[in-house]
2 protein chains.
Amino acid sequence: MTTISEEANSVIDIRRNRLRSSLILELYKAGQTSINKMARLFHASIPSATGIVNDLIKEGWIHETGTGPARAGRPPVLYGLNAQKYFTLIMDINRHDTQLVIFDLANQLIVRRQVDLKLEDAEGFLDALFSKTDAFLKFHGIKPEKLWGIGVSMPGLINAQIGINQTYPNLTRADQSLTARLSEYFQLPVALINDTRATTIGEHRFGLAKEKKHVLTVNIDWGVGLGILVNGEVFTGASGFAGELGHIQVQSDGLLCHCGKIGCLDTVTSGFALIRQAEEGIRLGRITILPQLLQEGERLETHHIIRAAHNGDEFCIDLLSRLGMELGKGIATAVHLFNPEIVIVTGVLAEAGPFISNPVEQAIHKYCLSDFKNSLTVRISQLGSKARLLGIQAHLIEHLVSKEFS
Amino acid sequence: MTTISEEANSVIDIRRNRLRSSLILELYKAGQTSINKMARLFHASIPSATGIVNDLIKEGWIHETGTGPARAGRPPVLYGLNAQKYFTLIMDINRHDTQLVIFDLANQLIVRRQVDLKLEDAEGFLDALFSKTDAFLKFHGIKPEKLWGIGVSMPGLINAQIGINQTYPNLTRADQSLTARLSEYFQLPVALINDTRATTIGEHRFGLAKEKKHVLTVNIDWGVGLGILVNGEVFTGASGFAGELGHIQVQSDGLLCHCGKIGCLDTVTSGFALIRQAEEGIRLGRITILPQLLQEGERLETHHIIRAAHNGDEFCIDLLSRLGMELGKGIATAVHLFNPEIVIVTGVLAEAGPFISNPVEQAIHKYCLSDFKNSLTVRISQLGSKARLLGIQAHLIEHLVSKEFS
DNA sequence: AATAATTATTAAAAAATATTAATAACCATG
DNA sequence: CATGGTTATTAATATTTTTTAATAATTATT
């Protein structure tokens, strides 16, 4: 009877909305289920579940998707989300580029476009993002009213509660948070999340961490990021900074880190550190095919080193191996503190595959108490960068559902 | 209508029991509340909350405790737990001694006795515990039928789900977990928890961590233990080992730890390490009053060192300070990973007060990114060992309530 | 192919619950 | 000290929701 956006102050409305949102969320996660299962799952009676399902059908949220299997007797009618009820706009913002993606509610990728927007050019970034997004939506004929919300992922220290990115303060105005600015311009709800955390959610819902409750995701990009899943939920800490593995000290006499401290893990195991070490080796005349891989005037990148390793270049294999050992030592620390079931390695350096994962695993075995190792597996992500996109999507949907059914 | 122990398969019974247990738990936590507040808190109507309250009164769980203040109008009738409905038996088991305590449901300490039971003498420990507990109960006239359950805290790697203590396997039999053995002998439900975790709960419910959501408790006893509170809940990890701060490597060329690895934090910052360092200093002829504090034939203990420091002994102050610095460095790592609001230092070394806490705080400032420091306070526990007792109690009550109202 | 068995769905009755209204209790103010 | 305002409590009514029973749909078996 009550429409969705009405405020729900009465007890029944609260309970009803709770059941509605649980139902929608369950259908998003499970794809499809029967009324019986839903009723049992949420401790409601079958008639009331039926009632809510029928309402949701009328409102266009869900529809029948066929019948399920039955051991015996009448098979259940299955219901699923109406994937085209809304679309979502995903902004996957990185240091070197930005991706704009449209998903439907069944996580089907509708459109995907890489736009030339570098987070490094913080000045004017948002204005450029606005116009390029407008153009993107227009070009593909996505009507704004068909969008349910915007999911944004970025690297950096993100405080999701107030919706700002501490690392890129230029994106925030004194009177308006980053999410508020985006929300105002596009007139849509916005969910902001750190990139590594998005990846963690993606791996949990669609990847190697499915069904697991305690998960660590190590993202090796320019820095080292740690995504943490506790009881199946992303863990952000008191102000959203949890998981800063990159800036724990691993060498008391190490290099100066860009954060101002000395000997951070970042100075040893990041993509940046890898390139520095490779360049130093080349300068010292170490035997390696690296220089031959470079075009005239081209800068050395991590993918060169990875390619060289795959080609058997001992110098590069050695570099990666040492990086893996150090990284594994850092991960061992995190394992002691979080006691996870699985550690997933992602990021650009994950493409180095066993060259990284083997020494990481070795280091974990060396530095972890045996009690931890028994229940632990270390794996390289198989979803790659798709984990992040799907993670943003999942995070956004959860945000939207809890918002929609207040 | 339905009695408590009946199995609740109907939807109504499930919801009713949920509300009952929420109510009892709220009354345990808050001490007393009005029906109005309870109804609002748990999204129930006032008549149904009234009904449940009346039932609980009939069953002897709660009673009126007076009237509350009112800004205007009729003041509310307050209800509170019937503190004498049941008592709880708390076993605080440590390496050097064991305490048996009886609490009522208002957390009032009824009896407390220190018994001469060393966890170190694992052989025959349980049988001695059984008989000494029997004697304790008999002596104080505690009737077994008045006991609601038993809360047990011990040091060691505890897997609470299966109820065993990995560090003291002698306490477990092949066919029976530790909790099962206790439960069978005393014919009571048993809740087992690690000592540092119990302390963390105690600090959260009754101490410095009240109202905080993300808390770290550092327990410096023979080893270094870390208690973790995430979203107000104790965090145990996948197999119950989370928080093993003591065995992360801090010195790659350090001493051999009893765990078999090298350079663990335990080898630098535990009570054991402190005594070792002090003895070494004495042997090397350092200037200190320590030898004078020792009786003929007495062994050096941590409290000697602490007393010497309080008396201005520079050598001991230096020892504690260096220990604090190293500990702070380890805590800084944990802070980077958990981003807590507060870090509480407890354990025997906490009695060293500022001699420890100052360098700890200093180290945290040195090794933590500024973003973490802004929202962080470091404090020495004020409850002392009482935090652990109250923590076991709180943990037990929660366990019992969720069990009682299935 | 028909029937028994099993399960989903629908409908009607019963129970439980929430809402509304009325009453009681109390505080503050004039 | 009385009265108006405010809030808690109780009672009565209305609504929702569950439960139970009946029906429909389908599979497996004889």
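Treat the numbers as computed from the prediction; the structure is a model and nothing was measured. Worth knowing before you read on, the calculation uses all heavy atoms, side chains too, and leaves out hydrogens, waters and symmetry mates.
Aromatic ring centres of B:Trp61 and B:Tyr79 lie farther apart than the 6.0 Å criterion allows.
Here C:dT19 presents its P atom at 13 Å from CG of B:Asn36, a figure rounded to the nearest Å. Distance, A:Phe42 CZ to D:dT18 P: 14 Å, rounded to whole Å. Between A:Ile46 atom CD1 and D:dT18 atom P there is a gap of 11 Å when expressed in whole angstrom units. Atom CG of A:Leu78 is separated from atom P of D:dT26 by 13 Å (rounded to the nearest Å). Distance, A:His43 NE2 to C:dA16 P: 19 Å, rounded to whole Å. Straight-line distance from the CG atom of B:Asn54 to the P atom of C:dT17: 14 Å, rounded to whole Å. In this structure, B:Arg16 places its CZ atom 11 Å from P of C:dA18, rounding to the nearest Å. For A:Ile12 and C:dA16, the CD1 to C1' distance is 12 Å, given to the nearest whole Å.
With DNA chain D read from its 5' end, the first of the two nearest nucleotides for A:Ser48 and A:Thr67 is the one closest to A:Ser48. Residues A:Arg15 and A:Tyr79 both approach DNA chain C. Their nearest nucleotides, taken by heavy-atom distance, put A:Tyr79 toward the 5′ side.
No donor-acceptor pair closer than 3.5 Å links the side chain of A:Gln176 to the backbone N or O of A:Glu184.
Inspection of the B:Gln32 and B:Thr65 side chains reveals an N or O donor paired with an N or O acceptor under 3.5 Å. B:Thr377 and B:Glu341 are not linked by any side-chain donor-acceptor pair at a separation below 3.5 angstrom, with hydrogens and angles left out of the test.
Contact annotation: B:Ser10 side-chain N/O to D:dT19 OP1/OP2 distance is under 4.0 Å.
Nucleic acid contact class of B:Pro47 (heavy atoms, under 4.0 Å, all strands): base.
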